[in-house]
Amino acid sequence: MEYHFKEIEAKWQAWWRQNGTYRTGTGSTKPTYYVLDMFPYPSGAGLHVGHPLGYIASDIIARYKRLKGFDVLHPMGFDAFGLPAEQYAIQTGQHPKITTEQNIRRYREQLDKIGFSFDWEREIRTCDPSYYKWTQWIFIQLFNSWYNPVNAKAEPIDRLIRLFEEKGYQPQGEAFLSGNIESELQPFTSAEWMAMSEKEKSDVLLNYRLAYLSDAWVNWCPALGTVLANDEVVDGKSERGGYPVERKRMKQWSLRMTAYADRLLNDLEKIDWSDSIKDAQRNWIGRSEGSTICFHLVDSSGNPTSDSIEVFTTRPDTVFGVSFVTLAPEHELVDRITLPVYRDAVAEYVKIASNKTERERQADVKKVSGQFTGAYVLHPFTGELVPVWIGEYVLAGYGTGAVMAVPAHDQRDYLFASHFGLPIKQVIEGGTLEEEAYTDKSGRMMNSGFLNGMDVREAIPAAIREIELKGIGVGRVNFRLRDAAFGRQRYWGEPIPVYYKEGIPCVLDESELPLVLPDVDKFQPTESGEPPLARAVNWKHEGMYEYETTTMPGWAGSSWYFLRYMDARNDNAFVSAEALDRWKQVDFYLGGAEHATGHLLYVRFWTKFLFDLGFIQVDEPARKLVNQGMIQGVSAFVYRINGTSRFVSAGLRHEYETTPLHVDVSIAPNHILDLERFKTWREDLHQAEFILEEGVYKCGAEVEKMSKSKYNVVNPDDIIDEFGADTLRLYEMFLGPLEQSKPWSTQGINGVFNFLRRFWRLYRVENGSCRLSEDQPSAAELKILHKTIKKVEEDVDRYSFNTTVSAFMICVNELNELKCDKRAVLEPLVILLSPYAPHIAEELWHLLGHGESVTCASFPQWREEYLVEQEFEYPVSINGKVRFKLNLSLQLSKEEIEKQVLDSNETGRYLTQPPKKIVVVPGRIVNIVV
RNA sequence: GCGCAUGUGGCGUAAUUGGUAGCCGCGCCAGACUUAGGAUCUGGUGCCGAGAGGCGUGGGGGUUCGAGUCCCUCCAUGCGCACCA
């Protein structure tokens, strides 16, 4: 009987659904294994062939682990809040809830066709109130917590309040501060604390809360009308949509992720993630060690004042080379210190700088700009007067927003000094300084007072010691990582569970959750520029207090979803203690590398926070992470001759002035354009004429990201229709190593399809059963089986699925050659194949007479004794060159092999002198060195 | 500029991790069979060469009896970060 994939796949997909085959066990005593995919955002375009790549790989692992006796948690859900649904809503008035619902239904249909073993009873959607209730709950925990640097963990804010009540706050007790706290706190005593108003207390506490409201510089995207996090800005443009982004100061909810910078960095060592992801995170966190130094400002007669500028430097050793100090244009001291003569020029410079978008600033990187303020500071060691400048190259958000400029040993300072004719003072021997700064961290100190004669490596700690001794600064670690902006001026997101009572932000009580997203009449911002939620009518806490109108960012819901799957239907807790105890953390996490500095950092942050408060037992979300490569699309192009409706074939296009145009890959099979379909493809192409080459129109090809706008999307449904889901699954795995990006191509898919047909034929299906022999298999047959079992097992352990598919093909070829029809060989083979091609395996398993799903089978054990070769053909090489081959027993010892090689007739033909040395690798090779 | 990957036949790739480079699949060539197919089967297929043989894993150098694999160096491509003091 033929292999009818359509019937088989429909039949078993229905059967699995009816029988709840993939429901995760609860009371089982089996060991557990948690396999997680990054859940998709359900976009309107549907799944393309790139999406399932990772899902197939993780499904193989999940099914394999089940066969190996594990209780496997393998859930799926939808990251359902997000911009595209909202943009669509703004354009059409369609509620994003409805579009999202439709898209999810479509995704689900597509996923079901591929035969995944997801436990859909645990499905979660981030936009579901029963889910975001707990996202809001976690926000409340963040608001009610601070980071205690003494214990290096988050603690309830009540504990800090008690400390204030008992001891007040002294600046020396810096221990209370954490992260990049922006405002300088004034010290207060416990009595002063008690005397503060509620509002004053609230303001102080906001400096400590892990979710806090502050005036902050944000990435503002006018086109989207919202604030974006740093990882959502790419090249000065929004990640979604590519709109320009500018800097803006706003009242803004943020999460104090910087408090966790150290742990996020150090704990990378204890997780099994790829080097590239870890490096990207290290880079993003950007730890650098150095020290702060205070420079006192002087008055008009040159006497020191109480005002000072604090700088951060990683090169305190070069402090004697300081020839000016530069402030960021946004620095708070700029107004205060600028001399009247320079006021206009400085105001002008600050205005130009602040009006620039992020993108313009980046484009101007090479251009030096700056302005003198007229102010001077005292050099803390030499007492010399040092001019104070402002310059765009100094960033307000990093360090202290001020730098000490050492032109001789820092390239940016060098360019600045050269441009404005400021002195360049060498303090380290070496380098010429004629062309560029000498920035090596080695060499002997000169012109540097107490540091003279030291090497740079000694000078750095020595300088910090002296700076601390003089009380003008402290050794400090700085991070590039910023706190995460958490409010979005959008509708389609989780409402932030905060209301304002006399200007004081208050969080809702747990019992009041979820704070459900209210309906609004329109989805754009209000006329006064308020977020869309400001349109909600009668939406007030206790009928009187205004709610926060920004919503949470897209990454909020995905920062803890892995926990919710453990206990997805719990109404009383975000996850129960029993479920946590059972599953603990993700054993295998699979997803795209593009989330390296976004989702993958946020989810680690939230996990650590929940761990600190004792809600969970692990402080990392996933033990093992694998990034699947992207499947790119191969776009097809036609070339329109400028100003005409004539199109020229790719090979001839250089003879004309042309404009390339994306054309849908479906009307250009094998990159040969279907002229008739092209003409009807779009209205404006009816009149198209063509210049052909070799009788056809050849399209240009380019590998690009698969996307609707590039007309290069390949839908998995089409492949399934033609070849079946099992072929799709095997083919996607066969395409190449999982982690490698590759362009989609169906070249060779029929090789995989033919393999499945050959596999099917092996089982001799007739009239509803397999006509197999019950005889004992031969040694050769057993060897093929056990070799395959071993290979499949080894490959899955190193996520090498493409080689496994090859191993299956070899196995079938060899069994075919032997005309093997032994049940004892063919039955275990079905189990082996079932993770890869579950439908055909399930069908055969039942045809072999089993009533239960193949999922309930156990993975066969390979046995060494079937694999051992008694004889081995040894290539014998002389000086590395293979000369002859000898059949020798593998049982022989190294010495015996050597002896037999030398005694063989063959050696005489090649050896004219006694060998110097013989190298034997048993089972491999013999090499004779002469 | 810094960091991380990756370079192997016409193509996708493999190589037991230092041991006969090119498994498996696509494509191609030749043949068989046939109710002419997107079918099945057999043989062949890295390059040069009629052949013996020679050359071959981005280039160059090194270590080793032996290198796709290890070391140095250069080149190319992809990704990430980037005025971070």
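Letters go in sequence order (proteins before strands), and every chain restarts at 1.
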Enquirer: Please measure how far the P atom in B:A39 lies from the corresponding atom in B:C29, and state the result in whole Å.
Expert: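 Looking at atom P only, B:A39 and B:C29 are 14 Å apart.
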Enquirer: Please compare A:D275 and A:I928 by the position of their nearest nucleotide in RNA chain B and report the one closer to 5'.
Expert: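 Whichever sits nearer the 5' end wins; that is A:D275.
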Enquirer: What interatomic distance, in whole Å, is found between P of B:G3 and the corresponding atom of B:U73?
Expert: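 Pairwise P distance, B:U73 against B:G3, rounds to 12 Å.
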Enquirer: For atom C1', what is the distance between B:G9 and B:U45, given to the nearest Å?
Expert: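 Looking at atom C1' only, B:G9 and B:U45 are 10 Å apart.
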Enquirer: For B:G59, decide between syn and anti, treating a glycosidic angle within 90° of 0 as syn.
Expert: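 Nucleotide B:G59 adopts anti.
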Enquirer: Identify which nucleotide among B:A85, B:A15, B:C4 has an atom closest to any side-chain atom of A:T803, counting heavy atoms from C-beta outward.
Expert: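 The answer is B:A15, which lies nearest to the side chain.
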Enquirer: With heavy-atom distances below 4.5 Å as the criterion, would you say the side chains of A:V319 and A:H379 are in contact?
Expert: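 When only atoms from C-beta onward are counted, A:H379 and A:V319 do touch, with a gap below 4.5 Å.
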Enquirer: Nearest to the side chain of A:N802, heavy atoms from C-beta on, is which of B:A14, B:G27, B:A85?
Expert: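 The nucleotide sitting nearest to the side chain is B:A14.
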Enquirer: Of all the choices, B:C24, B:A85, B:C26, which nucleotide is nearest to the side chain of A:I810 once you look at every atom?
Expert: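 Of the options given, the side chain of A:I810 lies nearest B:C24.
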Enquirer: Could you label the plane-to-plane angle of the A:F759 and A:F755 rings as parallel, tilted or perpendicular, counting under 30° as parallel and over 60° as perpendicular?
Expert: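 Tilted, since the angle between the ring planes falls between 30° and 60°.
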Enquirer: Please tell me which of the listed nucleotides, B:A82, B:C4, B:C24, lies nearest to the side chain of A:W284?
Expert: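 The closest nucleotide is B:A82.
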Enquirer: Mind telling me if B:U57 is syn or anti? Syn here is a glycosidic angle within 90° of 0.
Expert: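 Anti.
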Enquirer: Can you classify the ring geometry of A:F416 versus A:Y393 as parallel (below 30°), tilted (30 to 60°) or perpendicular (above 60°)?
Expert: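 Tilted.
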Enquirer: Ignoring the backbone of A:R480, work out which of B:A5, B:A82, B:A85 is nearest its side chain.
Expert: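 Of B:A5, B:A82, B:A85, B:A82 is nearest to the side chain of A:R480.
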Enquirer: Could I get a table of every N or O pair under 3.5 Å where one atom is in the protein and the other is in nucleotides 16-22 of chain B?
Expert:
unit_1: B:U20; atom_1: O2; unit_2: A:K885; atom_2: NZ; d: 3.2
unit_1: B:U20; atom_1: N3; unit_2: A:K885; atom_2: NZ; d: 3.1

Enquirer: Just say parallel, tilted or perpendicular for the rings of A:Y602 and A:W555, cut-offs at 30° and 60°.
Expert: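 The arrangement is parallel - the two ring planes meet at less than 30°.
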Enquirer: For A:Q740, which contact category applies under a 4.0 Å heavy-atom criterion: base, sugar-phosphate, or nothing?
Expert: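 Result for A:Q740 = sugar-phosphate.
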Enquirer: A:F295 has an atom CZ; how far is it from atom P of B:A85, in whole Å?
Expert: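 Going from A:F295 (CZ) to B:A85 (P), I get 17 Å.
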Enquirer: So A:F723, base contact, sugar-phosphate only, or nothing? Heavy-atom distance under 4.0 Å.
Expert: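 Since a base atom lies under 4.0 Å of A:F723, the category is base.
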Enquirer: In terms of side-chain heavy atoms of A:D279, which of B:C4, B:A85, B:G27 is nearest?
Expert: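 The nucleotide sitting nearest to the side chain is B:C4.
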Enquirer: Could you spell out the base pairing of RNA chain B as a dot-bracket line? Use Watson-Crick and G-U wobble contacts where both distances are under 3.5 Å, [ ] for crossing pairs, | for partners on a different strand.
Expert: (((((((..(((......[....)))((((((.......))))))(((....)))..(((((..]....))))))))))))....
Enquirer: Expressed as a whole number of Å, how far does the P atom of B:G62 sit from that of B:G51?
Expert: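 Here B:G62 and B:G51 have their P atoms 33 Å from each other.
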Enquirer: Decide yes or no for A:I784 and A:L818: does some side-chain heavy atom of the first lie under 4.5 Å from some side-chain heavy atom of the second?
Expert: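 They are in side-chain contact.
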Enquirer: Using whole Å, report how far NE2 of A:H595 lies from P of B:C81.
Expert: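 Going from NE2 in A:H595 over to P in B:C81 covers 13 Å.
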Enquirer: Please report the distance, rounded to the nearest Å, between NZ in A:K441 and P in B:A85.
Expert: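 It is 8 Å, rounded to the nearest whole Å.
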Enquirer: Below 3.5 Å, does any donor atom in the side chain of A:E722 face an acceptor in the base of B:G38, or the other way round?
Expert: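 Donor-acceptor pair under 3.5 Å: yes.
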Enquirer: Quick one: does any side-chain atom of A:D483 pair with a main-chain N or O of A:T258 as donor and acceptor, under 3.5 Å?
Expert: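 Side chain of A:D483 to backbone of A:T258: a pair is present.
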Enquirer: Quick one, A:R315 and A:I428 - any side-chain contact, counting heavy atoms below 4.5 Å?
Expert: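 Yes. Closest side-chain heavy atoms under 4.5 Å.
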Enquirer: Counting C-beta onward and ignoring hydrogens, is there a side-chain heavy-atom pair between A:N802 and A:M733 closer than 4.5 Å?
Expert: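 Not touching, per the 4.5 Å side-chain cut-off.
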Enquirer: At under 4.0 Å, does any side-chain N or O of A:Y398 touch on OP1 or OP2 of B:A85?
Expert: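 For B:A85, OP1/OP2 do have a side-chain N/O of A:Y398 under 4.0 Å.
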Enquirer: Within the pair A:T597 and B:G80, is there a side-chain N or O less than 4.0 Å away from OP1 or OP2?
Expert: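 No, no such contact exists.
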Enquirer: Choosing from B:G80, B:A14, B:A85, which nucleotide comes nearest the side chain of A:N283?
Expert: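 My answer, after comparing the listed nucleotides, is B:G80.
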Enquirer: Are A:K787 and A:L867 side-chain neighbours, meaning at least one heavy-atom pair lies under 4.5 Å?
Expert: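 In contact.
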Enquirer: By nearest atom, which of the nucleotides B:A14, B:C24, B:C83 is closest to the A:M809 side chain?
Expert: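 That would be B:C24.
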Enquirer: More 5' along RNA chain B: A:Q747 or A:V929, using each one's nearest nucleotide?
Expert: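 This one resolves to A:Q747.
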Enquirer: Do A:Y349 and A:S369 get their side chains close enough for a donor-acceptor pair, meaning under 3.5 Å?
Expert: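 A:Y349 vs A:S369: donor-acceptor pair found between side chains.
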Enquirer: What nitrogen or oxygen pairs link the protein and nucleotides 40-46 of chain B at under 3.5 Å?
Expert:
unit_1: B:U40; atom_1: OP1; unit_2: A:N754; atom_2: OD1; d: 3.4

Enquirer: What does A:S288 touch in the nucleic acid at a heavy-atom separation under 4.0 angstrom: a base, only the sugar-phosphate, or nothing?
Expert: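 The residue A:S288 makes sugar-phosphate contact but no base contact.
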Enquirer: Determine, step by step, whether A:T400 and A:E310 satisfy the side chain to side chain donor-acceptor pair (under 3.5 Å) criterion, reporting the C-alpha distance in whole Å, the side-chain angles of both residues, the deciding distance to 0.1 Å, and the verdict.
Expert: CA-CA 7 Å; A:T400 59; A:E310 189 185 39; 5.4 Å; no
Enquirer: Tell me which nucleotide among B:C26, B:C24, B:A82 gets nearest to the side chain of A:N813.
Expert: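 Nearest to the side-chain atoms of A:N813, counting from C-beta on, is B:C24.
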Enquirer: Salt bridge (charged side-chain N to carboxylate O under 4.0 Å, His left out) between A:D275 and A:K278: does it pass, once the steps are laid out?
Expert: CA-CA 5 Å; A:D275 283 343; A:K278 287 188 185 183; 5.4 Å; no
Enquirer: In terms of ring plane angle, is the pair A:Y3 and A:W760 parallel, tilted or perpendicular, where the classes change at 30° and 60°?
Expert: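 Tilted, since the angle between the ring planes falls between 30° and 60°.
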